[in-house]
Amino acid sequence: QVQLVESGGGLVQAGDSLRLSCAASGRTFSNYVMGWFRQAPGKEREYVASISRGGGRRYYTDSVKGRFAISRDNAKNTVYLQMNSLKPEDTAAYYCAAGSGSYSDSELKAYDYWGQGTQVTVSS
């Protein structure tokens with residue numbers, strides 16, 4: 001089992017930045033690909049970004065490329081999502097997830113463990 005706890009969400013204005021963190025415990029963190037997903041009210045959960053086990057490869061959905069950056073610190077068992085130039089359409093609950101597949105996996109079913117989410121609200 002892997003336990004994931006997200007933090008860092010909040011209420012910001014358009015154009016601001018936030019950094020989300022996801023702390024992992026349980027099994028060996030570096031064995032897992034890590035991903036970030038988000039879910040807006042009334043919408044399905046969608047893929048945002050993912051990172052390889054060693055951190056050298058990253059993959060993003062088109063809508064966040066150039067604005068968001070995923071990173072990880074295996075010594076701290078933590079994955080991060082740096083979000084810059086935030087837009088109102090980025091408003092959602094953000095979830096981190098751990099999976100055993102490829103760093104480019106964007107489907108929910110590819111991830112085995114999920115956090116409880118942290119809310120990000122961007123006002124215009």
Worksheet item: Linking I/L/V/M/F/W/Y whenever their side-chain heavy atoms sit closer than 4.5 Å, directly or via other members, would Val64 and Tyr59 fall into one cluster?
Response: no
Worksheet entry | In one Ile/Leu/Val/Met/Phe/Trp/Tyr side-chain cluster, 4.5 Å: Trp114, Leu81 | no
Item to complete: Let me see the working for Asp90 and Arg67 under side-chain contact (heavy atoms from CB on, under 4.5 Å), right down to the final yes or no.
Response: CA-CA 11 Å; Asp90 295 318; Arg67 299 190 299 122; 2.8 Å; yes
Worksheet entry | Any donor-acceptor N or O pair under 3.5 Å, side chains Ser102, Ser104 |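 Distance-only check passes for Ser102 and Ser104.
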Worksheet item: Between Ser100 and Asp112, does any side-chain donor sit less than 3.5 Å from a side-chain acceptor?
Response: yes
Could you tell me which non-hydrogen atom of [X] sits nearest to which non-hydrogen atom of [Y], and how far apart they are?
| X | Y | value |
| --- | --- | --- |
| Gly9 | Thr118 | N-OG1, 3.1 Å |
| Gly99 | Tyr111 | N-CD2, 3.6 Å |
| Val2 | Ala24 | CG1-CB, 4.3 Å |
| Cys96 | Glu6 | N-OE2, 2.8 Å |

Item to complete: Tell me, yes or no, whether the heavy-atom count around Phe68 atom CZ, taken from other residues, nucleotides or ligands under 6.0 Å, exceeds 12.
Response: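 Yes - once you tally the heavy atoms of other residues, nucleotides and ligands closer than 6.0 Å, there are more than 12.
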Worksheet item: Stepwise, does the side-chain contact (heavy atoms from CB on, under 4.5 Å) test hold for Arg53 with Val33?
Response: CA-CA 5 Å; Arg53 293 166 178 80; Val33 166; 3.3 Å; yes
Item to complete: Apply side-chain contact (heavy atoms from CB on, under 4.5 Å) to Leu86 and Leu18, showing your working.
Response: CA-CA 8 Å; Leu86 282 161; Leu18 274 178; 4.1 Å; yes
Fill in: Stacked cation flag Arg72 on Phe29, 6.0 angstrom / 45 deg
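Yes, Arg72 lies over the aromatic ring of Phe29.
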Item to complete: Run the numbers on Ser17 and Asn84 for side chain to side chain donor-acceptor pair (under 3.5 Å), then give the verdict.
Response: CA-CA 4 Å; Ser17 298; Asn84 299 325; 2.9 Å; yes
Check whether any side-chain heavy atom of [X] sits under 4.5 Å from a side-chain heavy atom of [Y], and report yes or no.
| X | Y | answer |
| --- | --- | --- |
| Asp105 | Glu107 | no |
| Glu46 | Arg38 | yes |
| Gln13 | Val122 | no |
| Thr91 | Val120 | no |
| Arg45 | Leu108 | yes |
| Val79 | Ile51 | yes |
| Ile70 | Tyr80 | no |

Straight-line distance of [X] [atom1] to [Y] [atom2], nearest 0.5 Å:
| X | Y | atom1 | atom2 | result |
| --- | --- | --- | --- | --- |
| Leu4 | Asn77 | CG | CG | 10.5 Å |
| Asp73 | Ser30 | CG | OG | 11.5 Å |
| Gln3 | Arg27 | CD | CZ | 10.0 Å |

Worksheet item: Counting only N and O atoms by type, is there a donor-acceptor contact under 3.5 Å from the side chain of Ser50 to the main-chain atoms of Tyr103?
Response: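 Here the side-chain-to-backbone pair exists.
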Item to complete: From the options Tyr60, Tyr95, Phe37, Tyr94, select the one residue that forms a ring-ring contact (aromatic ring centres under 6.0 Å, His included) with Tyr47.
Response: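 Result: among Tyr60, Tyr95, Phe37, Tyr94, Phe37 is the only option passing the ring-ring contact (aromatic ring centres under 6.0 Å, His included) with Tyr47.
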Discussion item. Met83 vs Leu20, test: side-chain contact (heavy atoms from CB on, under 4.5 Å). Steps then yes/no.
Written reply: CA-CA 8 Å; Met83 305 186 296; Leu20 305 183; 3.7 Å; yes
Discussion item. Do the side chains of Asp62 and Lys65 get close enough for a salt bridge, i.e. N-O under 4.0 angstrom?
Written reply: yes
